[in-house]
Structure formats: structure tokens, C-alpha cells
Amino acid sequence: MKLLTYQYYTGTQVGVLSEDGKTVYPVEGYDDMNQVIDTVSMNELRRVAEAKMGGIPFEAVKLLAPIPHPKQDIICLGVNYMDHAAESARFKKEKFDGERPYAVYFSKRVDEAVPCGGGIPSHSDIVDSLDYEAELAVIIGRDAKNVSRECAFDYVFGYTIFNDVSARTIQNRHKQWYFGKSMDGFCPMGPWIVTADEIEAPPELGIRSRVNGELRQQSSTGLLIFDVAHVIHELSQGMTLRAGTVISMGTPAGVGMGFDPPKYLKPGDVVECEIDGIGTLKNTVR
């Protein structure tokens, strides 16, 4: 199923998108995806999809990010594709030994997640190196503590697309990534959540990004250095991953800083992040 958050007239609702993408069926009584994750069973969501009651034309709704206000900062993985690790080292003029023995985790603050079709603010008064990163995001479906690798996917609610927008100069100036990746509007997410039962585990999905139609990134989530099961297992040994937690799994090579000279974003640029089986997240820099 594809689950989305949307506005219809003056109200915000959560709904199920029809298989043909033309109709939205409301999950009655819920205006927040976190509430749905916390309290609505997958069987009930399937019943909504099968009943096809109260349908609204998709073209009549205003799409929001599937989780406009995550409960906590988003957990992100850095340099989690080997080719991106290599291009990152080249950018920083560091030697790359081809080894990544441990995952790199950081958090990304979210004022409000930007929906598909929404604008990415350039923050051009302080940012001169705006970059994009197409990523697979995992949504945790129930509280996870001390989870084994073998049981990790039992805790996955679904998947969406995430663009880890980054201000490279600020990111490197401060010697950590929090500020340079957490500015308002740096969290495009969507266009919806695809429930875990629709995607084979582990997810091995084609992932791409385009800027103004130019293909920049092209890879597969099967090439993650640290996969979804590893990440859920490792993090849950030391912290409780609450239902609704968003984990963004890192980006492959082809980001703007990886080109010579770099191809950073500017106002008017259209960024498309695409993952097979999920869809396309499209945003314009403003």
C-alpha cells in the first residue's frame, strides 16, 4: 500500500492511494501519520484499501510529506555506499583506503518535512554550496529494543524517499554535519510511504537522482555498506527506536560535490529523487 498525508479543503488527513494512483481513500479519524503508525493495524489499512469508500480524486488533494513532523530528529547514515565514500574523500582531499568497518551515524533536525512538489530554500545569504542526496528512508513501525538482525524487518513499517539536502561549506566548516544538514527546508520526503509488505526484504531497489533532467546518481540500495537489518540491530542495542522513527540510509555517488568542478544547486533547479517501487520525489530550489 501507498500511504500519504494530504490536505483536502481545510483539513489534513491520512489516506491510502489506489493502485492506479488516481484515488485517495481516507483513513477516517486520523490526521497524522504518526498516529496511524502507533495505533492502526496493517490489516485495518488493508480493509480501507479494499473497501474503497469515500474516495477523493488524487488531483484534488494537496500532497504533504508523509510524516510532516517526525517525532524526533531523523537518523541518517553517512558514506554508506562505497562509491560515495570515495568521492567524499576526493572532495576533502583525503586518502581513501576502501574500508568502512563501522557505520557513520548523525542526526538531522526537521522543522517541517518538505513534500513532493514543495520548494527547497536555498538559504543563499549563508549557503554557497547547496547539494542533494537521494536516499532510501526506513520508517520504524513499533518500538524496537535489542532487535536481532534476523528479526529486524519485523519492525519496519515502510519506506519512503528522502533528499538529504546539505550545505557543504557549512557542513565542513563546523567539522560535523548537524548544522549544514538541518536548516529549514532541508528535509524533502515523500511522495508517500510504501508499506513493508510491498517490498522484498532486504530492499534491493534502483535509486537515481536528476537535476534539471540530467542524471546525476544511479545505483541500487543493494549496494549499501551497512544494510537495513544491520542498522536496526546495531542501533537498537543501545537505544530504543520508537515507532515512527525515520532512518535515512545514505546516498550513492553522483552528488554535486563529487563533480569537478562541483555542480551545486541554485534557485530554479529541479531535483528529482527516484527509487524503484516507491516513486519520485520532485522539488524545486527557491
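Predicted, not measured: the structure shown is a model, and the values here were computed from it. Count residues from 1 along the sequence.
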Ignoring hydrogens and angles, state whether a donor on the side chain of Ser41 or Asn43 is under 3.5 Å from an acceptor on the partner side chain. no
Are Leu17 and Ile67 connected into the same hydrophobic cluster when the rule is that any two of I, L, V, M, F, W, Y join if their side-chain heavy atoms are below 4.5 Å apart? no
Ala103 meets the side-chain contact (heavy atoms from CB on, under 4.5 Å) criterion, sequence neighbours left out, with Leu77, Tyr105, Phe226, Glu234
Any chain of hydrophobic side-chain contacts (each under 4.5 Å) joining Val27 to Trp192? no
Do Met249 and Ile225 share a hydrophobic cluster, counting only Ile, Leu, Val, Met, Phe, Trp and Tyr and linking them when any side-chain heavy atoms are less than 4.5 Å apart? yes
Not counting sequence neighbours, list each pair that qualifies as a ring pair (Phe, Tyr, Trp, His ring centres under 6.0 Å) and has a residue in residues 117-175. His123-Phe186, His174-Phe179
With rounding to the nearest 0.5 angstrom, report the CG to CD distance, Asn163 to Glu272. 11.5 Å
Do Asp128 and Thr169 get their side chains close enough for a donor-acceptor pair, meaning under 3.5 Å? yes
Leu130 with Ile126, same ILVMFWY side-chain cluster at under 4.5 Å: yes
How about Lys2 and Val194: do any of their side-chain heavy atoms sit closer than 4.5 Å? yes
With sequence neighbours left out, write down each residue that passes salt bridge (Lys or Arg N to Asp or Glu O under 4.0 Å) with Arg208, or none if nothing qualifies. Glu274, Asp276
Report yes if some heavy atom in the side chain of Glu28 is under 4.5 Å from a heavy atom in the side chain of Met53; otherwise report no. no
For a 4.5 angstrom cut-off between non-hydrogen side-chain atoms, does Val138 reach Val246? no
CD1 (Ile275) and OG (Ser219) are apart, to the nearest 0.5 Å, by 10.5 Å
Under a 4.5 Å cut-off applied to non-hydrogen side-chain atoms, are Pro252 and Leu223 in contact? no
Could you go through Asp227 and Arg149, starting from their C-alpha distance and side-chain angles, then the distance that decides it, and tell me whether this counts as salt bridge (Lys or Arg N to Asp or Glu O under 4.0 Å)? CA-CA 10 Å; Asp227 63 13; Arg149 279 189 58 95; 3.3 Å; yes
How about Tyr6 and Pro26: do any of their side-chain heavy atoms sit closer than 4.5 Å? yes
Min side-chain heavy-atom separation Ile74-Met189 under 4.5 Å: yes
